[in-house]
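Taking it in order: structure first as structure tokens, then the write-up.
Convention: sequence-line order gives letters A, B, ...; per-chain numbering from 1. All heavy atoms count here, side chains included; hydrogens, waters and symmetry mates do not.
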2 protein chains.
Amino acid sequence: MSEADLTTEQLILEAAKKVFILKGLDGTRMQEIADEAGINKSLLHYYFRSKDKLFEVIFKETVMSFAPRIFGVLNSQISLFEKIELFADTYIDLLIQNPFIPGFLVNEVAKNPYRFVAILKMNGVHPNIMRNQIRKEVEAGIIRPMKAEDLMANLISLCVFPFIAKNIFSSMLDMSEEDYMLFLAARKTEIPTFIINSIKLNKDAKTIV
Amino acid sequence: MSEADLTTEQLILEAAKKVFILKGLDGTRMQEIADEAGINKSLLHYYFRSKDKLFEVIFKETVMSFAPRIFGVLNSQISLFEKIELFADTYIDLLIQNPFIPGFLVNEVAKNPYRFVAILKMNGVHPNIMRNQIRKEVEAGIIRPMKAEDLMANLISLCVFPFIAKNIFSSMLDMSEEDYMLFLAARKTEIPTFIINSIKLNKDAKTIV
DNA sequence: GTCTATACTCTGATAGAC
DNA sequence: GTCTATCAGAGTATAGAC
């Protein structure tokens with residue numbers, strides 16, 4: 001389907017997503033969305049009634065484009081070490097293709113948590129699957145004693161934060177845009193190595209390098 | 001000095017900091033700052049000319065309240081393991097007292113990187129001190145081979161991100177506000193344990209628990 | 001230095017022709 | 001469904017009295 005074949009509604013949604021993610025709810029002007037979509041400003045209201053309603057649609061769509069994949073990996077039935085490797089790989093790939101989304105999400109969720117919580121509840125998030133798996137691997141002596149919450153928070157923090165702090169890190173570490181993207185891609189394997197080295201107990205098993 | 005003794009300028013700065021950090025540059029209304037300070041709206045312009053100028057002052061003040069402490073620890077002359085422990089402890093303490101600042105910084109730096117880069121340059125940031133220290137400890141066989149950039153990014157990510165994603169994590173992990181604050185405080189020791197377990201090579205040395 | 005009143009601009013939203 | 005024209009409200013900024 002070529003761009004000209006998109007319906008007006010789809011044109012608006014694409015344009016709105018682009019602008020909202022870049023500038024946030026407050027920073028976005030309806031005129032800018034209209035320009036980006038190549039249509040008239042009043043059409044935005046014709047299709048979506050108000051700026052808030054339009055934002056709501058984009059926000060939900062954005063969360064839903066992420067949440068199932070993320071929770072799918074966390075809730076899958078593979079071993080913990082495999083899960084950590086798979087999570088870092090798929091998640092960072094996703095973020096490389098959509099680098100602005102984490103910042104957008106974090107920012108808008110901070111301003112209005114209820115919007116996000118409602119979507120989570122609709123999707124039935126189950127942190128207990130991961131919690132139980134970690135507890136079992138601790139009891140089995142595969143990993144050292146550790147709270148599941150910390151391990152989950154660490155995994156996600158290590159993957160996501162370097163995307164959010166891209167401008168801060170790259171200027172602090174004096175890296176070019178290009179170098180920084182390579183740095184992020186390399187973390188797909190670096191992060192699992194880092195975590196598994198920290199938690200595994202059978203130090204004689206083959207070391208992941 | 002009681003609150004009544006504050007000069008009008010100080011009143012404005014306090015109020016502006018509060019509102020800007022909570023709502024960001026775009027989301028903040030001059031009227032709201034004036035109300036918060038208990039003064040007239042036009043006084044804001046009398047003291048700071050424009051909204052942008054006022055924001056600039058707050059932003060710089062906020063960065064400067066953080067940067068010296070953070071870079072001070074990273075550049076200090078203590079051992080790497082001590083540095084990791086000291087960093088997590090002082091940084092997380094700081095964030096517990098100012099939980100909204102990281103989100104504010106990340107958000108505003110993402111929208112306008114130049115403002116931040118200018119302040120960094122003024123303060124002469126030296127990532128090489130930390131880089132050299134890590135390289136030396138790798139060569140000495142104290143820690144496993146690892147890029148300094150990854151270790152620094154990991155340390156900062158693990159400390160900061162759970163504050164930025166507070167609303168996301170606490171609803172995902174089904175924790176109350178109070179539980180989450182305890183969780184964050186416990187990470188002052190949890191994070192160094194996690195990192196040092198991952199990077200230390202002499203596995204026979206006393207384990208940090 | 002501080003206040004009131006107001007000018008000017010921008011933006012979200014609506015009315016109405018086609 | 002799409003466009004032009006326009007309104008109402010909010011926001012930043014300024015003028016001027018005290």
Between [atom2] on [N] and [atom1] on [X], what's the gap in Å once rounded to a whole number?
X	N	atom1	atom2	value
B:Asp26	C:dG12	CG	P	11 Å
B:Leu44	C:dT2	CG	P	12 Å
B:Lys51	C:dT9	NZ	C1'	14 Å
A:Phe55	C:dA13	CZ	C1'	19 Å
A:Phe48	C:dT14	CZ	P	15 Å
B:Leu11	C:dG1	CG	P	13 Å
B:Lys41	D:dG16	NZ	P	18 Å
B:Leu43	D:dT14	CG	C1'	13 Å

Any side-chain donor near an acceptor of the partner, A:Asp35 and A:Gln31, under 3.5 Å: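 Note: A:Asp35 and A:Gln31 side chains meet the donor-acceptor criterion.
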Donor + acceptor pair across side chains of A:Ser42, A:Asn40 (<3.5 Å):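 Yes, a side-chain donor-acceptor pair sits under 3.5 Å.
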Touch class at under 4.0 angstrom, heavy-atom based, for A:Tyr47 against every strand present: sugar-phosphate
N-O pairing of B:Lys147 and A:Glu190 below 4.0 Å: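 Salt bridge flag = no for A:Glu190 with B:Lys147.
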Side chain of B:Tyr46 (C-beta onward), nearest among C:dG1, D:dT2, D:dC3: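 Looking only at heavy atoms from C-beta outward on B:Tyr46, the closest nucleotide is C:dG1.
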On the nucleotide [N], are OP1 or OP2 found under 4.0 Å from the side-chain N or O atoms that [X] carries?
X	N	answer
B:His45	D:dT14	no
A:Arg29	C:dC10	no
A:Ser42	D:dT4	no

DNA chain C: 5'-proximal contact among A:Met30 and B:Asn40 (nearest heavy atom):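 Closest to the 5' end, via its nearest nucleotide, is B:Asn40.
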Geometric class of the B:Tyr91/B:Phe87 ring pair [parallel <30°, tilted 30-60°, perpendicular >60°]: perpendicular
Heavy-atom donor-acceptor pair, A:Glu137 side chain to A:Leu80 backbone, under 3.5 Å: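 Yes: the side chain of A:Glu137 pairs with the backbone of A:Leu80.
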